[in-house]
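Notes follow once the structure below has been shown.
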Amino acid sequence: MRYDMVIFDNDGVLVDSEPISNRLLAGYLTELGHPTSYEDSLRDYMGSAMHRIHDLVLERTGQRLPADFDATFHSRVFDAFRRELEPVAGVATTLNGLRAEGIPYCVASSGSHERIRVALRKTGLYDYFGEDRIFSSEDVGRGKPAPDLFLHAASRMGAAPERCAVVEDSPLGVRAALAAGMDAYGYTAMTPADRLPGACAYFSDMAELRILLSSTHR
């Protein structure tokens, strides 16, 4: 394979969490007096760290979200994850293939460490990563679309940024990968390719990924 490491986003790439979390986010923001549809949430917040939600609401309305917003939202999300969350179809096979080939990989997510672990444990994917290959926007000063998280993951894993591939399904994530000098692979199961500009390849079936990683040219 032409890469030294593959970095996976978590939500929507490893675990099928985006429908759950964006449904709950839209509902909670609406409940707080900021009318938000599911489609609005996907467009504006998919792939965001929590601070970006606060920043956008303040920018648009002049109002701050409640101090307990994050804790309440995460409690609702975790409860739903434990009931409903499933792995993305084909992702375990993909991870098994990378592991068999000796290709290092990790997860770098805008979500909190707790959110990542709840999701990976519920879906049976935690053992593919373990503690030393999980990275969160909590580890850095700025979340996506800043490159900080991906550069942090590459540094901790001992890989040069230009030798890393990033698997993303959000516009913010693709922008972060490009800003880090990495190749982005756009997963289009939920997000149309035209919303992921700059990716070097696009795929909608996780089974396609390993072929793309071996064959895509810069």
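Both the sub-6.0 Å distance and the 45° axial angle are satisfied by Arg133 relative to the ring of Tyr105. In this structure, Arg156 fails the cation-pi test against Phe135, since its NZ or CZ atom is not both closer than 6.0 Å to the six-membered ring centre and inside 45 degrees of the ring normal.
Ring geometry, Phe69 versus His54: the interplanar angle exceeds 60°, so the pair is classed perpendicular (tilted spans 30 to 60°). Classification of the His74-Phe78 ring pair by plane angle, with boundaries at 30° and 60°, yields parallel.
Asn10 and Ala119 get closest at one heavy-atom pair: ND2-CB, 4.0 Å. For the residue pair Met46 and Asn22, the shortest heavy atom distance occurs at N-OD1, 4.3 Å. Here the shortest heavy-atom pairing between Phe150 and Ala180 reads CB-CB, 4.2 Å. When every heavy atom of Met5 is checked against every heavy atom of Cys106, the shortest pair comes out as SD-SG, 4.0 Å. Nearest approach of Arg52 to Tyr45, heavy atoms of both residues: NH1-CA, 4.5 Å. The shortest non-hydrogen separation linking Arg142 to Pro147 is NH2-CD, 4.3 Å.
The line from OG of Ser110 to CG of Asp9 is 6.5 Å long, rounded to the nearest 0.5 Å. Separation of atoms CZ (Arg121) and CD1 (Ile116) is listed at 11.5 Å; rounding is to 0.5 Å. For the atom pair OG1 of Thr188 and CG of Asp205, the computed distance is 9.5 Å after rounding to the nearest 0.5 Å. Summarising the geometry, atom CG belonging to Asp139 is positioned 4.0 Å from atom NE2 belonging to His152; distances are rounded to the nearest 0.5 Å. Considering CD of Glu86 and CD1 of Ile20, their distance stands at 8.5 Å, rounded to 0.5 Å. Rounded to the nearest 0.5 Å, atoms OG1 (Thr93) and CG (Leu98) are 11.0 Å apart.
A chain of hydrophobic side-chain contacts below 4.5 Å, direct or via other Ile, Leu, Val, Met, Phe, Trp or Tyr residues, connects Ile134 to Val6. Under the 4.5 Å side-chain heavy-atom criterion for Ile, Leu, Val, Met, Phe, Trp and Tyr, Leu42 and Val15 are members of distinct hydrophobic clusters. With hydrophobic clusters built from ILVMFWY side chains whose heavy atoms lie under 4.5 angstrom apart, Ile103 shares a cluster with Phe203. Linking Ile, Leu, Val, Met, Phe, Trp and Tyr residues whenever their side-chain heavy atoms come within less than 4.5 Å leaves Phe8 and Leu178 in two separate clusters. Leu172 and Leu29 are members of different hydrophobic clusters when ILVMFWY side chains are connected at heavy-atom separations under 4.5 Å.
A donor-acceptor contact under 3.5 angstrom links the side chains of Asp183 and Tyr3, judged on distance only. For the residue pair Asp11/Ser17, the side-chain donor-acceptor check at 3.5 Å is satisfied.
Between Asp79 and Arg76 the shortest side-chain heavy-atom distance does not fall below 4.5 Å. Under the 4.5 Å side-chain criterion, counting only non-hydrogen atoms from C-beta, Val88 is not in contact with Leu14.
Under a 3.5 Å cut-off, the side chain of Ser136 and the backbone N or O of Gly111 do form a donor-acceptor pair. Remark: the backbone N or O of Ser170 is not paired with any side-chain donor or acceptor of Thr191 at under 3.5 angstrom. Remark: side-chain polar atoms of Ser214 are paired, donor with acceptor, to backbone N or O of Arg210 under 3.5 angstrom. In this structure, the side chain of Ser155 does not engage the main chain of Leu151 through any donor-acceptor pair within 3.5 Å.
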Val118 vs Arg115, side-chain contact (heavy atoms from CB on, under 4.5 Å): CA-CA, chis, key distance, verdict: CA-CA 5 Å; Val118 168; Arg115 176 183 174 127; 5.9 Å; no
CA sep, side-chain torsions, deciding dist, call: Lys144, Leu149, side-chain contact (heavy atoms from CB on, under 4.5 Å): CA-CA 7 Å; Lys144 306 169 190 178; Leu149 174 58; 3.9 Å; yes
Working for side-chain contact (heavy atoms from CB on, under 4.5 Å), residues Thr36 and Leu25: CA-CA 8 Å; Thr36 305; Leu25 178 58; over 6 Å; no
Verdict with reasoning, His34 to Tyr28, per side-chain contact (heavy atoms from CB on, under 4.5 Å): CA-CA 9 Å; His34 307 292; Tyr28 189 26; over 6 Å; no
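Salt-bridge check for Glu138 with Arg117: failed, with every basic side-chain N at 4.0 Å or more from each acidic carboxylate O. Ion pair Arg43/Asp40 flagged as a salt bridge, since at least one NZ, NE, NH1 or NH2 atom sits closer than 4.0 Å to an Asp/Glu carboxylate oxygen.
Evaluated for a salt bridge (Lys or Arg N to Asp or Glu O under 4.0 Å) with Arg23, the options Glu84, Glu18, Glu39 yield exactly one hit, Glu84.
Remark: Arg60 CZ is packed, more than 12 non-hydrogen atoms of other residues, nucleotides or ligands lying under 6.0 Å away.
The ring-ring contact (aromatic ring centres under 6.0 Å, His included) search around Tyr128 returns none, not counting sequence neighbours.
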